[in-house]
Amino acid sequence: MRTPIAAALAGILLFAQALASAPTPEERFDAALKVLKAKCGEFCGFGDDPAETKAFDALWDTTQDWTVAFLNAHPGITAERLKTELLNRHPMNIDAESIAPGWATLLARDLYAFSAYWGETGDTFLVDKRDGRWTVVWDVRKADAGKFPVLAAWRAGRLWGSAFPIKPDAQGRVRFGLGGTYAQVIGTTFSRQFSFWRWDGTTAEPLLAHTYQQTIEDQQASVPDTPRRVVVRAKDEYKTVSACGSCVGRQLDWTFRILPDRIVDEGKRSLDPEADFIDDLYA
């Protein structure tokens, strides 16, 4: 008969053997990537195949596991050093295959927004320090899309993008913006999405979410001017002239004011009012 001590030692040995045989996050990442390449190749993120969504979930879950392990293994790492480390592991290349996230944004003390991507699909998640250890506290894939149905595209793996900080609200709660680009096969006009969120320490609540069109030349125009204002460059169509996929179309600046108690949509301003006048005249 085994003594209690012997039984405990045997249990520890079995547990250690199980850990040794468990796949590493890198191995799980490679396995998920292999499934995606076999299933959809270069055209992932364009359908509603449950198997494809499951493989994407596995991909982003492994990135989250790697990120938390990296942070816990590098206590005291600064935000700038972290960005450099991630860039070294995941260069800004759409074809890059890396378990490391592509971007890190410091939203508040000990609160980071990480963005992972592969090809034209991605995920954004928040990591916070709890009881001295880093842990994932929120994932846009699991956000409630009831109020803003366009957010469901993140769940299906059809977007990739990153977060940026905006001014906290009157109660000091963290707020941030999230910009994303929809996966598409070809073209120089992109469908994009932006949203604003409030973090209450437990979850992120969506405050606004919209979709819009943008040309490839104007992607750098959609940036927060200040923590109190965000301007989005959008592409629209004239009434009498067709805006082809490679045409700049009717260019608009869509402005949002970040106030202490709310976010105000201040509307769209045409960058070429003279062309609008002629368009209205012909229409």
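Scope of the values below: all heavy atoms of this structure, side chains included, with no hydrogens, waters or symmetry mates. Index from 1, following the sequence.
At a threshold of 4.5 Å between side-chain heavy atoms, the hydrophobic network of Ile, Leu, Val, Met, Phe, Trp and Tyr places V230 and V264 in two separate groups. Linking Ile, Leu, Val, Met, Phe, Trp and Tyr residues whenever their side-chain heavy atoms come within less than 4.5 Å places W254 and I166 in a single cluster. V137 and L107 fall within the same hydrophobic cluster, defined by Ile, Leu, Val, Met, Phe, Trp and Tyr side-chain heavy atoms under 4.5 Å apart, directly or through other members. Linking Ile, Leu, Val, Met, Phe, Trp and Tyr residues whenever their side-chain heavy atoms come within less than 4.5 Å leaves F56 and L159 in two separate clusters. No path of Ile, Leu, Val, Met, Phe, Trp and Tyr side chains, each step under 4.5 Å between heavy atoms, connects F196 with L151, placing them in separate hydrophobic clusters.
No salt bridge links D200 with R198; every basic N to acidic carboxylate O contact stays at or beyond 4.0 Å. A salt bridge between E205 and R173 is absent, with no side-chain N of the basic residue lying under 4.0 Å from a carboxylate O of the acidic one. Between R250 and D272 there is no salt bridge, since no side-chain N of the basic residue sits under 4.0 Å from a carboxylate O of the acidic one. Between R155 and D57 there is a salt bridge, with a side-chain nitrogen of the basic residue lying less than 4.0 Å from a carboxylate oxygen of the acidic one.
Annotation for A100 and R89: closest pair CB-CB, 3.8 Å, computed over non-hydrogen atoms. Across all non-hydrogen atoms, the minimal contact from T105 to P165 is CG2-CD, 3.6 Å.
Side-chain atoms of V232 and D253, non-hydrogen and from C-beta on, never get closer than 4.5 Å to each other. When side chains are defined from C-beta on, V35 does not count as touching E52, because their heavy atoms never get closer than 4.5 Å. Residues W138 and T203 meet the side-chain proximity criterion, which asks for heavy atoms closer than 4.5 Å. Between R28 and D65, the closest side-chain pair of non-hydrogen atoms falls below 4.5 Å. At a threshold of 4.5 Å between non-hydrogen side-chain atoms, the residues W197 and L207 do not count as touching. The shortest side-chain heavy-atom distance between D261 and D169 does not fall under the 4.5 Å cut-off. By the 4.5 Å heavy-atom criterion applied to side chains, P206 and F148 are counted as neighbours. Side-chain atoms of L259 and R228, non-hydrogen and from C-beta on, never get closer than 4.5 Å to each other.
Checked against the 6.0 Å centroid criterion, the rings of Y212 and F194 qualify as a close aromatic pair. You'll find the ring centres of W60 and W154 outside the 6.0 Å limit.
Test D279, D280, D276 against K239 for salt bridge (Lys or Arg N to Asp or Glu O under 4.0 Å) and you get one pass: D280. A side chain to side chain donor-acceptor pair (under 3.5 Å) with S191 is found for one member of R158, Q213, Q184 and no other, namely Q213. With Y182 as the fixed residue, the side chain to side chain donor-acceptor pair (under 3.5 Å) test singles out one of E120, R192, Q193: Q193.
Interatomic distance, T189 OG1 to Q214 CD, rounded to the nearest 0.5 Å: 9.5 Å. Separating the CZ atom in F176 from the OG1 atom in T124 is a distance of 8.5 Å, to the nearest 0.5 Å. Remark: L252 CG to D236 CG distance equals 5.0 Å, nearest 0.5 Å. Note that the OG1 atom of T215 and the NZ atom of K235 stand 6.5 Å from one another [nearest 0.5 Å]. Here the straight-line distance linking atom NZ of K129 with atom CG of L71 works out to 8.5 Å at 0.5 Å rounding. One distance of note links CZ of F29 with OG1 of T63; it measures 5.5 Å at 0.5 Å rounding.
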Give the C-alpha distance, both sets of side-chain angles, the deciding distance and a yes or no for ring pair (Phe, Tyr, Trp, His ring centres under 6.0 Å) between W103 and Y117.
CA-CA 9 Å; W103 295 282; Y117 67 94; 5.0 Å; yes

